[in-house]
Amino acid sequence: MKNIKRVFGFVLSILLISGQWFLPVASAEETKEFEGETVIVGVVSDTGLELWEYVAEKALEEEGITLELVLFNDYNQPNVALQNGSLDMSGFQGHPFIKSWNEDNDGSVYAIANTLLMPLGLYSEKHATPDDIPEGGSIALPNDPSTLGRSLLALEIAGLIEVDDEVGIYADEEDIKANPKNLEMVLVEPNFAALSLPDVDAALINTNFANDVGLSINDAIFNDAEDVDKVNPMYINTITTLEENKDNPLYLKIAEIYQTDDVAEKINEVYNGETYPMFDVPLPEVEN
């Protein structure tokens with residue numbers, strides 16, 4: 001009987017030790033740190049919404065996080081909403097836009113993760129190449145400061161104008177050093193650039209707004225990302241919040257969910273392979 005008691009005690013000890021070993025592992029597997037949390041995310045364009053709907057499904061399924069998506073039709077309002085607390089995060093803007101918006105609005109919008117690079121295409125209903133644009137022709141350009149600078153540099157790459165090298169990515173019309181065809185620059189809201197095509201010789205259109213009206217980058221007569229390795233990484237789009245929330249673990253978890261292989265595949269699907277995931281490129285310190 002003593003032997004039986006010893007064996008029973010030995011087995012019980014093993015079970016207790018095993019329970020102490022395995023139970024925390026099982027609990028860790030079942031625990032979702034942010035389950036039940038809700039985050040409001042601002043997006044721009046229908047394609048951007050489609051992509052973030054996929055991210056939202058992934059966040060809910062994997063982490064129990066609910067993403068409420070708000071669709072905007074311009075670039076300024078999401079930052080206004082971030083700044084006044086109506087949004088927690090946004091997922092559409094590049095580093096130059098963040099910097100210029102913060103300077104103009106005493107803002108504290110801050111990028112916490114890179115997402116994707118969208119080519120900037122020059123489109124035309126009248127001409128097949130940039131060289132075909134005639135003397136005195138008109139070109140529509142997005143009027144937000146960051147995209148305007150990129151647009152002018154794109155026209156320089158296309159051989160249509162020359163821009164002051166010292167200005168860099170924040171060039172504006174006054175920084176055009178040479179305009180041999182005396183082209184007219186017509187500044188428009190970014191989301192209206194595609195609608196201006198019938199009225200101008202050509203228009204520079206952001207990829208998301210081009211996609212929204214059924215245009216492909218393959219329809220462009222020129223784009224500035226034909227060699228993606230030569231594109232300034234400052235033009236990469238980002239996930240943003242306010243600087244005071246840059247270390248918020250919930251927001252960083254959402255960025256982590258976004259920067260995964262299946263989301264990269266979804267980017268290629270939604271944007272028809274015309275937009276490039278850029279998860280591995282380090283964030284520049286430009287918005288501080």
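Note that the structure is predicted; figures quoted are calculated from it, not measured.
Side-chain atoms of Leu117 and Val281, non-hydrogen and from C-beta on, never get closer than 4.5 Å to each other. For the pair Ile205 and Leu215, the minimum side-chain heavy-atom distance is below 4.5 Å. Here the side chains of Ile40 and Ser86 are not in contact, with every heavy-atom distance at 4.5 Å or above.
Checked by atom type, the side-chain pair Tyr54/Asp262 shows a donor-acceptor distance below 3.5 Å. Side-chain contact, Thr240 with Thr238: no donor N or O sits under 3.5 Å from an acceptor N or O. Of the N and O atoms on the side chains of Thr129 and Asp131, not one donor lies less than 3.5 Å from an acceptor on the other residue. With hydrogens and angles left out, the side-chain atoms of Glu274 and Thr207 include no donor and acceptor closer than 3.5 Å.
Heavy-atom minimum distance, Gly42 versus Phe72: CA-CE1, 3.9 Å. When all heavy atoms of Asn237 and Gly94 are compared, the pair lying nearest together is OD1-N, 3.8 Å.
Side chain of Gln259 to main chain of Asn114: a donor-acceptor pair is present (N/O by atom type, distance under 3.5 Å, no hydrogens or angles). Between the side chain of Asp219 and the backbone N or O of Ser216, at least one donor-acceptor pair lies under 3.5 Å. At least one donor-acceptor pair under 3.5 Å links the side chain of Thr241 to the backbone N or O of Asp88.
Exactly one of Asn272, Ile267, Val270 qualifies for a side chain to side chain contact (heavy atoms under 4.5 Å, CB included) with Thr47. That residue is Val270.
Scored by the ring-ring contact (aromatic ring centres under 6.0 Å, His included) test, Phe279 finds Tyr258 as partners (sequence neighbours excluded).
Residue pairs satisfying the salt bridge (charged side-chain N to carboxylate O under 4.0 Å, His left out) criterion with at least one member in residues 150-166, sequence neighbours excluded, are listed as follows: Arg150-Asp224.
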